[in-house]
Amino acid sequence: MQKILPDCPVEVTLSLIGNKWKVLILRELLEGTKRFSELKRALFGVTQKMLTQQLRDMEESGLVIRTVYPVVPPKVEYSLSATGESLRPVLDALRVWGEGYRTHHAGGNYEKF
C-alpha cells in the first residue's frame, strides 16, 4: 500500500525524515553501512523498539536498504539507498546551520547570525 504524500514538498520531506531518530540514523548511515548494534550504540537514548520501528519505516519509504545474510547467528546490515544518499546535501546543510547557530548563540546571544 502506497502512502499518500502531501502536496507541499517541505511537508513530504518532513514526513520522511522529520523526527530526531530518522535524521540521526541518516547521519550514521551517511558514513557507511552499519549493523543494528552499531546504530544502537551511536544513537544515545534510542530504544531497540524505536530503532527497529524507524529503520522499518525508512526501509518502507525507500531510504534504507536492509540486507540479511544467511549465516548463524543472523547478520543484518543497513545502508542508504540512492534515494537516502540523495539526502546528503540536506543533512550537510543542517550540520552547517547548527554549527553556525551554536557558535553565534553560545551564552544566550540570540541575534541573527
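Quantities reported herein were computed from a predicted structural model and do not represent experimental measurements.
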### Query
If you measure from the Lys or Arg side-chain nitrogens to the Asp or Glu carboxylate oxygens, is any gap between Arg95 and Glu99 under 4.0 Å?
yes
### Closest non-hydrogen atom pair between Arg88 and Leu30, with its separation
NH2-O, 3.0 Å
### Query
Are Tyr78 and Val23 connected, step by step, through hydrophobic side chains (Ile, Leu, Val, Met, Phe, Trp, Tyr) whose heavy atoms are closer than 4.5 Å?
yes
### Task
Kindly compute the distance separating CD (Glu85) from CG (Leu26), expressed to the nearest 0.5 Å.
10.0 Å
#### Entry: Check: Leu29 and Leu39 side chains under 4.5 Å, non-hydrogen atoms
yes
### Arg27, CZ atom: more than 12 neighbouring heavy atoms under 6.0 Å
yes
### Query
By side-chain contact (heavy atoms from CB on, under 4.5 Å), which residues pair with Val68, not counting sequence neighbours?
Arg66, Val76
### Query
Taking atom CE of Met50 and atom CD1 of Ile25, what is their separation to the nearest 0.5 Å?
9.5 Å
### Message
Applying side-chain hydrogen bond (donor to acceptor under 3.5 Å, both in side chains) as the test, list every pair that has at least one member in residues 35-53; sequence neighbours left out.
### Response
none
### Query
Within the distance-only criterion (no hydrogens, no angle test), does the side chain of Ser61 pair as donor or acceptor with the backbone N or O of Leu63 below 3.5 angstrom?
no
Solution key, residues 11-20 side-chain donor-acceptor pairs under 3.5 Å, sequence neighbours excluded:
unit_1: Thr13; atom_1: OG1; unit_2: Pro9; atom_2: O; d: 3.1
unit_1: Ser15; atom_1: OG; unit_2: Val12; atom_2: O; d: 2.6
unit_1: Asn19; atom_1: OD1; unit_2: Trp21; atom_2: N; d: 3.0
unit_1: Asn19; atom_1: OD1; unit_2: Lys22; atom_2: N; d: 2.8
unit_1: Asn19; atom_1: ND2; unit_2: Gln54; atom_2: OE1; d: 2.8

### Message
Within the 3.5 Å criterion, strictly below it, is a donor on Tyr69 or Glu77 matched to an acceptor on the partner's side chain?
### Response
yes
### Task
To the nearest 0.5 angstrom, please state how far the OG atom of Ser79 sits from the CD1 atom of Ile65.
4.5 Å
